[in-house]
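Take a look at the structure set out below.
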Amino acid sequence: MGDWQRSHTCGQLTLVDDTAEVCLMGWVQYRRDHGGLIFVDLRDRDGLTQVVFSPDIAPAAHENAHILRSEYVLAVKGRVRPRPEGMVNSAMVTGGIEVVVHEWKLLNTSKTPPFPIEDRCDAGENLRLAWRYLDLRRPRMQENLRLRHKVAQTIRRYLDEGGFVEVETPVLTKSTPEGARDFLVPSRLNSGEFYALPQSPQLFKQMLMVSGLDRYFQIVRCFRDEDLRADRQPEFTQVDIEMSFVDEKKVMSMAEGLIARVFTEVMGRELSLPFPRMRWDEAMERYGVDKPDTRFDLELKDITDIVRVSGFKLFAQARLVKGMKVPGGESMTRKEIDVLTEFVRIYGAQGLAWIKIKADEWQSPIAKFLSDKERRGIADALDLQVGDIVFFQAGEPDMVNAALGNLRVHLAGQLKLIPEDSFNFLWVTDFPLYEYDQEEKRYVACHHPFTSPAPGHLELMKSDPAKARARAYDMVLNGNEVGGGSIRIHSSNVQRRMFEALGFMPEQAEAQFGFLIQALEQGAPPHGGLAFGLDRLVMLLAGASSIRDVIAFPKTQKATCLLTGAPSPVEARQLRELGLRLREQPAKESDAKSGVGAIQA
RNA sequence: GGAGCGGUAGUUAAGACGGUUAUAACGCCGGCCUGUCACGCCGGAGGCCGAGGGUUCGAGUCCCUUCCGCUCCGCCA
């Protein structure tokens with residue numbers, strides 16, 4: 001670029017820079033070639049500036065400017081001047097001025113981009129991912145990445161000031177049986193053996209507490225080989241935190257302080273602390289989910305006892321019956337209700353019972369089965385008013401809660417009950433220690449197997465696992481889990497009992513987690529912590545609808561990278577070195593289904 | 001593993017009842033244009049209708065298979 005030095009960015013210049021000699025560099029956003037005058041909106045990371053090629057002022061500069069095209073890379077030298085009377089563009093930060101080009105240099109040409117580089121562009125996701133570096137040129141995406149950067153930096157400052165030490169933990173680590181599916185990495189030096197990529201640095205951070213680090217954090221990539229969602233990628237970033245000599249209150253107030261700091265410094269908003277807390281039982285009871293969105297009402301009411309002896313057998317025989325009132329919902333059409341019925345089927349519901357509260361009657365397919373007493377009970381429980389509609393779900397508790405809990409969120413969106421631009425934080429506490437795994441026919445840890453049982457619940461681990469509660473807590477933002485953690489088990493005996501309760505043989509526990517138990521035997525301090533999902537947090541702050549929009553190079557729903565083509569086959573030699581052999585030859589095209597690509601040692 | 005939505009020009013979409021030459025906007029190319037700002041005007045090029053198979057005299061449209069993207073259920077300690 002010779003002696004060309006950029007003097008300003010494209011978002012900086014205003015009337016105060018009048019007559020300044022400047023040098024800008026950037027991309028051609030729009031060109032407006034009038035044959036005589038040529039206007040170019042030059043874009044860089046900072047914004048747009050209109051530069052003018054004028055045959056009257058700089059004929060030489062104007063002469064070749066006709067060749068300019070979208071996304072050409074340009075350096076211009078020129079003078080800042082106010083735009084003529086009536087030509088000010090108030091929509092642009094730099095709209096009061098323009099730069100008259102005296103001299104310019106073409107730094108690079110560009111092929112016509114496959115989609116326009118602008119925020120209102122609605123290119124398909126596949127195109128955006130295949131040309132991600134162009135997608136990331138768009139201001140919205142640049143803002144997202146910078147927002148993410150600011151959040152991460154603010155978190156680093158906050159934790160550093162709080163005495164936390166950032167420690168890196170291994171990415172090549174040990175596969176463990178519990179939890180998500182591991183990504184495996186074959187070992188060349190240890191043929192037939194595999195590392196696993198960490199699902200989280202959980203055990204390392206606990207061992208750092210045993211080391212006496214006292215306060216640890218890490219902004220760290222984690223990997224889980226499970227199916228993707230709008231808010232789930234196979235690799236994602238956690239803000240991982242652990243503290244010694246603390247209880248739940250300490251961890252939670254530290255976490256609240258962190259979030260409040262992010263909101264002050266990044267969002268320019270003050271949060272009121274502490275966040276509300278809700279026990280898990282209450283969340284399930286009132287909202288049907290463990291991450292309730294409390295920005296709106298539509299609460300669920302348990303009416304199981306009211307309809308226990310109902311003539312409506314579906315209700316009478318159900319283990320759980322719940323109702324949800326939608327005020328003013330009486331005007332819903334049959335068709336709208338049918339759509340909602342389809343919606344709850346996703347969660348295993350057979351149908352969706354409803355009652356419209358009219359002035360003179362209860363209009364409903366099920367009203368005729370309900371006695372006067374039942375009607376009064378239901379009306380009282382749900383505080384029914386004329387004009388309401390009530391939806392019911394009856395059956396297994398998990399299904400009832402999932403169906404109504406998700407219907408609640410669905411309807412709130414549809415009925416526009418959710419206030420815009422609000423950030424509603426909530427702690428959910430007192431989670432169950434275990435949940436029953438139907439497939440494995442055993443209890444599995446609800447949070448993870450290193451979570452301490454609630455005080456006094458030690459015996460329940462064996463006698464009544466379903467009743468045991470955990471010293472675990474989730475931070476919920478607008479109905480999204482953005483963080484979660486627990487006080488850990490620091491007693492080797494309790495940890496052994498935990499593995500036992502999960503159905504591990506002692507030898508098995510020793511082989512898988514012996515190093516942890518040993519560590520706990522060496523003077524492990526009481527400790528606990530939590531981890532934030534950075535991608536989700538930033539997504540919510542950015543107002544994005546997928547974490548893909550706050551990750552520079554995300555994967556598709558099939559976990560592929562459309563930009564690089566990963567994953568891809570490898571050379572036979574690489575497999576040989578690793579002691580691997582494909583069970584079947586890679587398929588030509590279509591039959592790349594089950595079995596193919598599987599590996600064996 | 002399952003359910004749903006989508007795939008038509010470079011892009012975003014229309015076309016769906018099976019029937020002339022598959023539309024539009026933006027973009028692209030050429031021309032004109034000295035105050036535009038998503039410039040304007042005139043002209044032009046551009047298509048294996050995701051792929052494969054079938055039904056039919058005839059398929060973008062109907063049927064089957066398959067690939068890709070997205071949303072969701074299961075899964076995600």
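Here is how names work: the chains are called A, B, and so on, in the same order as the sequence lines, proteins then strands, and each is numbered from 1. Heavy-atom basis, side chains included; hydrogens, waters and symmetry copies ignored.
B:A25 and B:A9 are spaced 12 Å apart, taking the C1' atom of each and rounding to whole Å. With both ends at atom P, the span from B:C28 to B:U20 equals 33 Å, rounded to whole Å. Taking atom C1' in both B:G46 and B:U21, one finds a spacing of 16 Å when rounded to whole Å.
When the nucleotides B:G35, B:G74, B:A38 are ranked by their closest atom to the side chain of A:Arg83, B:G35 comes out on top. Nearest nucleotide to the side chain of A:Arg81, out of B:C39, B:U12, B:G35: B:G35. Nearest to the side chain of A:Met87, among B:G35, B:C76, B:C72, sits B:G35. Minimum atom distance to the side chain of A:Gln50 is reached by B:U36, of the listed B:U71, B:U12, B:U36.
With A:Arg69 contributing its side chain and A:His66 its backbone, the two residues share a donor-acceptor pair below 3.5 Å. Listed for the A:Arg536 side chain is a donor-acceptor partner under 3.5 Å among the backbone atoms of A:Glu481. A distance-only check finds no donor-acceptor pair linking the side chain of A:Asp535 to the backbone of A:Gly533 [under 3.5 Å].
Base pairing analysis places B:A22 opposite nothing; no Watson-Crick or G-U wobble pair with both distances below 3.5 Å involves it.
In this pair, A:His34 lays its aromatic ring flat on the base of B:C39, centres within 5.5 Å and planes under 30 degrees apart. Judged by ring centres under 5.5 Å apart and planes tilted less than 30 degrees, A:Phe39 stacks against the six-membered base ring of B:U36.
Base orientation of B:C17: syn (glycosidic angle within 90° of 0).
Side-chain contact annotation: A:Thr429 with A:Glu248, donor-acceptor N/O pair under 3.5 Å absent.
When the side-chain nitrogen and oxygen atoms of A:Arg69 are compared with OP1 and OP2 of B:C29, one or more of them lie within a distance under 4.0 Å. At B:U36, none of the side-chain N or O atoms of A:Arg32 fall inside 4.0 Å of OP1 or OP2 (strictly under the cut-off).
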